[in-house]
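Note on naming: letters A, B, ... go to the chains in the order of the sequence lines (proteins, then strands), and numbering restarts at 1 for each one.
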There are 2 protein chains.
Amino acid sequence: MAEVRTVDTRERILDAAENLFMAHGYDGTSMRQITGEAAVNLAAVNYHFGSKESLMQEVFRRRLDWLNEERMRVLDEMEREVAGKALKPSQIVDGFFGTLLRMAGDENRGGMTFLRLLGRTLTEPSEFIRAFLAHEYKVVMDRYKEALFKALPEVPKAEIVWRFHFMLGATSYAIAGTDALRLVTDWQIEDDDSVDRLDRLVPRLMSFLLGGLRAPLPQFSETAAVDSK
Amino acid sequence: MAEVRTVDTRERILDAAENLFMAHGYDGTSMRQITGEAAVNLAAVNYHFGSKESLMQEVFRRRLDWLNEERMRVLDEMEREVAGKALKPSQIVDGFFGTLLRMAGDENRGGMTFLRLLGRTLTEPSEFIRAFLAHEYKVVMDRYKEALFKALPEVPKAEIVWRFHFMLGATSYAIAGTDALRLVTDWQIEDDDSVDRLDRLVPRLMSFLLGGLRAPLPQFSETAAVDSK
DNA sequence: CTATAATTCATACGTTCGTTTGAACTATAG
DNA sequence: CTATAGTTCAAACGAACGTATGAATTATAG
């Protein structure tokens with residue numbers, strides 16, 4: 001068995017695919033680009049992963065398995081410390097989104113590249129990817145949702161779910177990174193070094209998310225909401 | 001000149017493309033799908049628009065021209081009313097994001113379909129689309145940024161730009177709609193009728209955005225921000 | 001009605017796509 | 001060393017892609 005070569009090839013393919021899917025999307029990346037950048041034979045992907053779709057799933061599984069476990073571990077520990085009492089919203093938000101963002105600082109776990117891929121994929125259309133992600137995410141998501149319900153008993157559950165959704169969106173954009181930010185500004189954002197940038201992004205995003213999560217509840221007008229300001 | 005047929009064909013192609021790009025993305029949609037759904041000949045797209053890329057641009061231009069004008073009009077009017085004084089942040093946010101969301105209620109302006117397409121495209125990788133959107137958006141974006149700077153003089157400009165970015169992300173997810181929301185919950189969200197849903201979504205999102213925009217400023221730790229909670 | 005311009009149509013072109021194949025090569029086991 | 005299983009390789013497959021072409025059709029102008 002050529003164990004070493006195999007692992008090498010598999011890993012090189014996954015790295016190349018992660019990079020290219022992030023940069024050009026799933027449909028925009030060809031097998032020939034992937035195997036070219038990985039410096040392996042064209043047939044290697046189908047040999048090791050079976051198909052392009054399976055490769056995409058493996059790209060995500062490689063990172064998400066760790067992320068989901070870490071999120072669970074963090075939540076378990078926090079809940080153990082408060083011994084049945086409710087957590088603070090800031091703890092829960094940090095456990096879910098902070099853990100994600102800190103992953104970006106760890107190059108061994110995919111770093112910024114994977115986070116940007118994840119951010120983009122959450123809004124991407126491909127049916128099979130969204131179904132896969134929903135399945136992978138479900139258990140963890142439910143735990144954090146429950147924690148938020150408990151932490152904010154006075155807020156209607158539907159409202160919390162929506163705000164969780166909004167937080168996902170803000171985070172997704174935040175990690176999609178400077179590319180999308182150039183839509184908003186022409187400035188050269190300081191701290192181009194990605195690690196430094198991350199150190200400031202985390203508290204920035206956390207402030208925003210918590211501000212949104214704890215905002216006053218909306219007033220629904222009885223008539224057309226079109227006029228509501 | 002076959003004016004009537006031409007307009008019909010162009011419009012039918014644009015409608016079909018808007019739908020399909022929204023559902024399957026740019027790369028995931030073929031010319032044959034578009035012309036098939038529009039019930040026109042395969043060559044019609046290249047005849048009327050020149051290429052697939054030009055078609056995509058026209059899909060956006062058809063809607064964005066109106067949206068940008070409306071956003072400008074709303075901001076002009078609000079600024080005229082306060083006569084040189086600063087606007088309230090809530091007014092600015094409503095002018096930019098509220099105008100966008102209310103567009104979703106107008107089927108003649110693309111409705112939810114275009115908004116979902118826009119939301120997805122902002123994070124999409126295709127270089128030429130992002131460049132096009134950045135160019136289309138620039139003038140309006142700058143005006144609203146300036147209004148926010150004036151409305152929040154005590155907040156560092158860099159912070160405002162980031163929070164504008166976060167707001168874009170939350171909004172993008174909000175309009176990307178229930179599809180992505182199913183990642184978060186299994187519930188059948190009430191008010192499936194899209195107009196009713198929109199009436200409640202607008203105030204919901206507005207509360208969240210304003211809460212985030214006006215959140216306390218983040219504290220940057222001198223050491224690694226990894227430990228910051 | 002005739003001439004002319006605009007549009008639609010069926011068809012085909014050259015590429016590129018994801019995948020498959022069978023031979024060549026490499027490493028492990030007995 | 002030989003047999004065997006794992007891996008890599010060059011080459012090819014049919015299908016689908018965006019685009020181009022020239023004839024047929026339709027509408028407008030004189």
Next item on the list: Using a 4.0 Å heavy-atom cut-off, write out nucleotides 10-23 of chain C from 5' to 3' as B (base contacted by protein), S (sugar-phosphate only) or - (no contact).
Entry: B-B----BBBBB--
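Following rounding to the nearest Å, A:R10 (CZ) and D:dG6 (P) show an atom-to-atom distance of 15 Å. Following rounding to the nearest Å, A:D8 (CG) and D:dG6 (P) show an atom-to-atom distance of 19 Å.
Between atom CZ of residue B:F164 and atom CZ of residue B:F149 there is a gap of 9.5 Å, rounded to the nearest 0.5 Å. Once rounded to the nearest 0.5 Å, the distance linking CG of A:L55 with CZ of A:F21 reads 5.0 Å.
A ring-centre distance under 6.0 Å is found for A:F128 and A:Y26.
The backbone N or O of B:M22 lies less than 3.5 Å from a partner atom in the side chain of B:R120, making a donor-acceptor pair. No donor-acceptor pair closer than 3.5 Å links the side chain of A:N68 to the backbone N or O of A:V140.
An OP1 or OP2 oxygen of D:dT8 is reached within less than 4.0 angstrom by a side-chain nitrogen or oxygen of A:T9. Contact check, B:H48 against C:dA6: no side-chain N or O comes under 4.0 Å of OP1 or OP2.
Residues passing the ring pair (Phe, Tyr, Trp, His ring centres under 6.0 Å) test with B:Y144, sequence neighbours excluded: B:F96.
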